[in-house]
Every structure is written in C-alpha cells, then in structure tokens.
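As structure tokens, the structure follows; a few thoughts come after it.
The residues of the chain are indexed from 1 along the displayed sequence.
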Amino acid sequence: MFAVSSLVLMSAAVLIPASMTSAAETPASWAQPAVAMLLAPAAPTQAQMNVLRFRQIAAKTFAEPIRTLAADHASDDNADQDTPEETATLDAETLCMAKVVHHEAGNQSREGQLAVAQTILNRKDSGRFARTVCGVVHQRNQYFDTTRYHPNRGTAQWEAAVSVAYEAMSGKAQDVVPGALFFRAAYAAPTNFFRSRTRVASLGDHVFYR
C-alpha cells in the first residue's frame, strides 16, 4: 500500500510542472476564477447604477456653494456642444432631466432642484403625459428642447444638476412635492390654470401644483 501511495505521489510530482508550483500557481488558485464566477452578483439595474453614481459625486457637489443662475449663464457663451464622450457618461433620460434641472432650478437649493426633477417623474408615471423622461420634457409647450441646450459642463451648478437627476431617477430620493405635475415662478401671479390646481408646496423661486 505504501509503495502504491509513493508511486502516486511521484507521478503527481512528475505531472505538475515546476513553473506551476509557486504560491500564485497552486491547484487551489486554479479554481479561484471559477469560484469567483459562481459567486459573482447579478448585473446591477439602471436604478442601482444611478444610486452608485449619485453617491460618487454628491459629496463633492453639495459641499460646494451653488453658483447663481446669472453667473452660470455668463459662462454659457463658452459652453461646448455635447460631445460623444460627455454624452456617453450619461444615459439619455438622465441627461434630459439634468438639463431641465439646470435650466429651471440651477440657482435653487438641492430640495428645490429635486422638486423640479420629481415633477418630470410624476408626469411620466401619471399616464397623462409621455412615458419617458425625454418624452415628457419634449412635449409641446411644456419644457424646452434639451437637444439645443448646452450648459457649461465644467461648473458646480451642472454637477449639482446631474447629481440631483441621478438621485431622483434612483427612486430613493425623498418625495418633496408629492404628486406635483406643474410649477410656476413664485414671483409671478398665478394664472387661471394654476388657480384651478391643488397647491402642493412652495420651494425657493417655485410653487408646485397637482
């Protein structure tokens, strides 16, 4: 019996190349890629990716003061068109929302920006408007054509808008304007349209309605 065991061990020693006997190339390590594949988590959903992206930039973005809308518009003359590289970092829906947040509430608080983003999502889910963010934004006489709006991507204000868009679309943001579908400038007198609506909240320069 001992002789057989010795023969087996000798055979094993012959079959294993000397170059594969290091600590990094032991038989146990050969199985590691297969084990890693078995234990690998499922691909993240778009909502999970939005949460991760929001967490990456939120701390930096909101630690800085948000510039005024006038100051940002002063730099818009030098703003670049959307390049393939820039657009590739954002999916189309998030890009549409970020542009609306930037244009409509770039000088507002984080809560005020989130409120604008949520009116878009509320419309999308209401069944009364388009079924996508970009569809809602581009509906006639509602928001504006985001494809022709090119804010300066190098400002803290743009970073804030992107961060808010990610947070809103992650589905984990606080609902600051429940059910709101419309908003108007707070400094302007409400029209008959808004007088017939239910007021939800007033945040900064905007008043929100159902």
Which distance, rounded to the nearest 0.5 Å, do you find between the [atom1] of [X] and the [atom2] of [Y]?
X: Asn152; Y: Gln157; atom1: CG; atom2: CD; result: 10.0 Å
X: Met169; Y: Cys96; atom1: CE; atom2: SG; result: 9.0 Å
X: His103; Y: Tyr143; atom1: NE2; atom2: OH; result: 12.5 Å
X: Leu95; Y: Thr147; atom1: CG; atom2: OG1; result: 10.0 Å

Show the nearest heavy-atom pair for residues [X] and [Y], with the distance to one decimal.
X: Val207; Y: Arg199; value: CG1-NE, 3.7 Å
X: Val116; Y: Ala105; value: CG2-CB, 3.9 Å
X: Gln113; Y: Val164; value: OE1-CG2, 3.6 Å
X: Cys134; Y: Ala92; value: SG-O, 3.4 Å
X: Ala201; Y: Val177; value: CB-CG1, 4.1 Å
X: Ala98; Y: Ala165; value: N-CB, 3.8 Å

**Message:** Pair Gln142, Val136 - check side-chain contact (heavy atoms from CB on, under 4.5 Å), show working.
**Reply:** CA-CA 8 Å; Gln142 297 303 310; Val136 167; over 6 Å; no

**Asked** Hey, does Leu181 have a side-chain heavy atom less than 4.5 Å from the side chain of Arg197?
**Response** no

**Prompt:** Quick one: are Thr132 and Glu93 in side-chain contact, heavy atoms under 4.5 Å?
**Reply:** yes

**Asked** What do the steps show when you test Arg123 against Gln139 for side chain to side chain donor-acceptor pair (under 3.5 Å), and what is the final call?
**Response** CA-CA 11 Å; Arg123 287 189 177 198; Gln139 279 188 292; 5.4 Å; no

**Asked** What do you reckon, is CZ of Arg131 surrounded by more than 12 foreign heavy atoms closer than 6.0 Å?
**Response**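 12 or below, so no.
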
**Asked** Is Tyr187 atom OH crowded by more than 12 heavy atoms from other residues, nucleotides or ligands, each under 6.0 Å away?
**Response** no

**Request:** Take the angle between the ring planes of Tyr149 and His102 and call it parallel below 30°, perpendicular above 60°, tilted in between.
**Result:**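 If you compare the ring of Tyr149 with that of His102, the planes turn out tilted.
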
**Item:** Geometric class of the Phe183/His206 ring pair [parallel <30°, tilted 30-60°, perpendicular >60°]
**Value:**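 Correct class here is perpendicular.
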
**Message:** Walk me through whether Phe208 and Leu203 qualify under side-chain contact (heavy atoms from CB on, under 4.5 Å).
**Reply:** CA-CA 8 Å; Phe208 296 83; Leu203 293 172; 4.1 Å; yes

**Message:** For the aromatic rings, using the six-membered ring if either is Trp, is the centroid distance between Tyr209 and Phe194 under 6.0 Å?
**Reply:**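 Judged by ring-centre distance (under 6.0 Å), Tyr209 and Phe194 do meet the cut-off.
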
**Message:** Please enumerate all residues that pass side-chain hydrogen bond (donor to acceptor under 3.5 Å, both in side chains) together with Arg148, with sequence neighbours excluded.
**Reply:** none

**Item:** All side-chain hydrogen bond (donor to acceptor under 3.5 Å, both in side chains) counterparts of Asp205, not counting sequence neighbours
**Value:**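 Testing Asp205 for side-chain hydrogen bond (donor to acceptor under 3.5 Å, both in side chains), a comparison that skips the adjacent residues, returns Gln108.
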
**Prompt:** With distance as the sole criterion, is a donor-acceptor pair present between the side chains of Thr119 and Asn122 under 3.5 Å?
**Reply:** no

**Message:** Please evaluate residues Thr94 and Asp91 with respect to the criterion side chain to side chain donor-acceptor pair (under 3.5 Å), reporting the C-alpha separation (whole Å), side-chain torsions for both, the decisive distance (0.1 Å), and the verdict.
**Reply:** CA-CA 6 Å; Thr94 307; Asp91 63 276; 2.6 Å; yes

**Asked** Would a distance-only check, ignoring hydrogens and angles, find a side-chain to backbone donor-acceptor pair under 3.5 Å from Lys99 to Thr146?
**Response**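 Yes.
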
**Donor-acceptor pair, side chain of Gln118 and main chain of Val176, under 3.5 angstrom** = yes

**Prompt:** Is a salt bridge present between Arg110 and Glu167, judged by a nitrogen-to-oxygen distance below 4.0 Å?
**Reply:** yes

**Verdict with supporting geometry, Leu121 and Met97, side-chain contact (heavy atoms from CB on, under 4.5 Å)** = CA-CA 9 Å; Leu121 295 179; Met97 180 172 287; 3.6 Å; yes

**Request:** Begin with the C-alpha distance, continue with both residues' side-chain angles, and end with the deciding distance and a verdict on side-chain contact (heavy atoms from CB on, under 4.5 Å) for Val100 and Phe144.
**Result:** CA-CA 8 Å; Val100 172; Phe144 59 94; 4.1 Å; yes

